[in-house]
Amino acid sequence: MKKGVLSILIAIIGFYCIYRFNVQLYNENLAMLHPETNSDVASGISVFKKTFKIIVASIGLLSLYFGIISFLKKNKIGMIGIILAILLILSCLFPFLEYLIEAYLHDINFQ
């Protein structure tokens with residue numbers, strides 16, 4: 001497998017990890033907001049926030065590495081891998097969960 005394609009696949013896996021983590025955090029926070037509807041114990045995924053960010057940043061750096069190697073070998077697909085890797089690293093640093101919870105609370109107040 002060429003390194004450019006590998007870079008893109010690794011970045012897509014990283015984006016999927018970010019998506020799943022944010023969905024799980026969102027569901028956990030909704031359970032905390034409405035304890036009467038959900039009596040389950042919180043899954044404890046919020047404990048691993050920093051570890052998760054380190055893992056996803058490492059995945060992004062690996063994708064960036066393969067993208068740079070591919071780009072240096074004159075493959076243009078390596079540039080796509082580099083761009084996706086940079087977006088992955090930036091998106092793991094920004095907390096999307098606060099925006100989701102804020103939008104949810106905003107919808108409750110105006111209904």
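The side-chain contact (heavy atoms from CB on, under 4.5 Å) with K3 is formed by just one residue from the set I77, L72, I69; it is I69.
Under the side-chain hydrogen bond (donor to acceptor under 3.5 Å, both in side chains) criterion, no residue pair touches residues 64-86, with sequence neighbours excluded. Sorted by first and then second residue, the side-chain hydrogen bond (donor to acceptor under 3.5 Å, both in side chains) pairs with a member in residues 6-17 read S7-S63; sequence neighbours excluded.
For F52, the ring-ring contact (aromatic ring centres under 6.0 Å, His included) partners at least two apart in sequence or on another chain are F21. When the side chain to side chain contact (heavy atoms under 4.5 Å, CB included) test is applied to L87, the partners found at least two apart in sequence or on another chain are F15, I83. Residues that satisfy the side chain to side chain contact (heavy atoms under 4.5 Å, CB included) test with I12, not counting sequence neighbours, are I8.
Interatomic distance, L9 CG to L84 CG, rounded to the nearest 0.5 Å: 10.5 Å. Taken from CG in L61 to CD1 in I54, the straight-line distance is 11.5 Å, to the nearest 0.5 Å.
Cluster annotation: L90 and M79 are assigned to the same hydrophobic cluster (Ile/Leu/Val/Met/Phe/Trp/Tyr, side-chain heavy-atom contacts under 4.5 Å, transitive).
When every heavy atom of L88 is checked against every heavy atom of G60, the shortest pair comes out as CD2-CA, 3.5 Å. The two residues A57 and I89 come nearest to each other via the heavy atoms O-CG1, 4.3 Å.
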